[in-house]
Amino acid sequence: MDFTKHYNSPLGGITLASDGEALIGLWFDGQKYFADTLESEHEEKNLEIFDETTRWLDIYFSGKNPDFTPKLSMICSGFRQSVWEEMLKIPYGKTTTYKEIAVKIAKKSGQEHMSAQAVGGAVGHNSISLIIPCHRVIGTNSKLTGYAGGIDKKIWLLEHEGVSIY
C-alpha cells in the first residue's frame with residue numbers, strides 16, 4: 001500500500017508519495033507523468049517520511065539549501081536510477097547539462113558514448129522532483145529545455161536558487 005500527503009508550495013500544490021518507509025514520489029499537481037510510480041490504490045496518511053520531506057520543502061522554499069535528504073526509494077530502471085543519482089550530485093544553485101550527465105554515465109559504465117537524449121528521457125521521468133533536482137539540468141548553451149512541472153516552474157526554481165538564467 002502506498003500513501004500520500006499534500007503540500008502547499010509557493011508554486012502550487014505538491015503531492016508526496018511513500019511506500020511507508022521512503023519517499024517514492026514528489027510531483028507538482030498536474031505535472032506531466034504525475035503519480036507515475038504511485039499504486040492506483042493508496043491512502044492519505046501522516047508518516048514520519050512526510051514530516052521529514054515537509055521540513056526539507058519548508059527549508060528549500062524559505063530560500064535555504066536543506067542539509068539533508070529524506071530517505072528515497074527510486075522506482076525505476078537501472079539506467080534512470082543512474083541518471084537520478086547523478087542529479088542528486090548537482091549542488092544547490094548550480095546547473096549541469098544533459099550531455100555532461102551522459103558523459104559521466106558513459107564513463108562509469110565503460111561505454112564510449114551515451115545519448116544526451118536518453119538522459120533527457122530519464123530526467124523528464126524523475127518521480128521525485130525538487131529533491132532529485134531535475135530543474136538544475138539544462139540544455140547545451142544554457143538552453144532551458146522542458147520540465148515536467150512546466151518551464152515557468154523551472155525558471156522560478158532556478159531563480160529561487162540564485163541561478164542567472166539569462
Under 3.5 Å, is there a donor-acceptor pair linking the side chains of [X] and [Y]?
X	Y	value
Gln117	Ser115	no
His135	Glu161	yes
Tyr7	Asp58	yes

Evaluate the criterion side chain to side chain contact (heavy atoms under 4.5 Å, CB included) for residue pair Ile101 and Met87; output intermediate values, then yes/no. CA-CA 8 Å; Ile101 292 174; Met87 287 192 291; 4.1 Å; yes

For residues [X] and [Y], determine if any side-chain heavy atom of one lies less than 4.5 Å from a side-chain heavy atom of the other.
X	Y	result
Ile138	Lys154	yes
Ile128	Ile24	no
Phe28	Lys153	yes
Met114	Lys107	no
Arg136	Tyr92	yes

Side-chain heavy atoms under 4.5 angstrom apart, residues restricted to Ile, Leu, Val, Met, Phe, Trp, Tyr: same cluster for [X] and [Y]?
X	Y	result
Trp56	Leu47	yes
Leu157	Trp84	yes
Val83	Ile75	no
Val137	Val103	no
Leu72	Phe68	yes

Give me the atom names and distance for the closest heavy-atom approach of [X] to [Y].
X	Y	result
Lys94	Ile90	O-CG2, 3.6 Å
Ser18	Glu21	OG-N, 3.6 Å
Pro70	Ile131	CG-CD1, 3.9 Å

Would you check, one step at a time, whether the test side chain to side chain contact (heavy atoms under 4.5 Å, CB included) holds for Lys89 with Lys104? CA-CA 12 Å; Lys89 297 175 187 175; Lys104 288 177 184 177; over 6 Å; no

Are the side chain of [X] and the backbone N or O of [Y] linked by a donor-acceptor pair below 3.5 Å?
X	Y	answer
Ser9	Gly13	no
Arg80	Ala122	no
Asn126	Ile132	yes

Look up atom [atom1] in [X] and atom [atom2] in [Y], then write down how far apart they are to the nearest 0.5 Å.
X	Y	atom1	atom2	value
Leu88	Cys134	CG	SG	10.5 Å
Lys108	Ser82	NZ	OG	7.5 Å
His42	Thr15	NE2	OG1	8.0 Å

Does a salt bridge link Glu52 with Lys71, judged by any charged N lying under 4.0 Å from a carboxylate O?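 No, Glu52 and Lys71 are not salt-bridged.
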
Run the ring pair (Phe, Tyr, Trp, His ring centres under 6.0 Å) test against His160 and tell me which residues pass, sequence neighbours left out.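 His160: ring pair (Phe, Tyr, Trp, His ring centres under 6.0 Å) contacts with Tyr60, Trp156.
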
Check step by step if side chain to side chain contact (heavy atoms under 4.5 Å, CB included) holds for Leu16 and Leu57. CA-CA 11 Å; Leu16 312 176; Leu57 291 166; 4.0 Å; yes

Kindly check if the number of other-residue, nucleotide or ligand heavy atoms within 6.0 Å of CD (Gln111) is above 12?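 Counting neighbours around CD of Gln111, more than 12 heavy atoms of other residues, nucleotides or ligands fall under 6.0 Å, so yes.
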
Does NZ or CZ of Lys5 come closer than 6.0 Å to the centre of the six-membered ring of Phe50, within 45° of the ring's axis?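 The answer is no, since Lys5 fails at least one limit relative to Phe50.
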
Under the criterion side-chain contact (heavy atoms from CB on, under 4.5 Å), which of Ile105, Val119, Thr96 is the partner of Glu86?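 It is Ile105, the one option of Ile105, Val119, Thr96 that forms the side-chain contact (heavy atoms from CB on, under 4.5 Å) with Glu86.
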
Chi angles and distances behind the side chain to side chain contact (heavy atoms under 4.5 Å, CB included) call for Trp27, Ile14: CA-CA 6 Å; Trp27 305 274; Ile14 291 176; over 6 Å; no

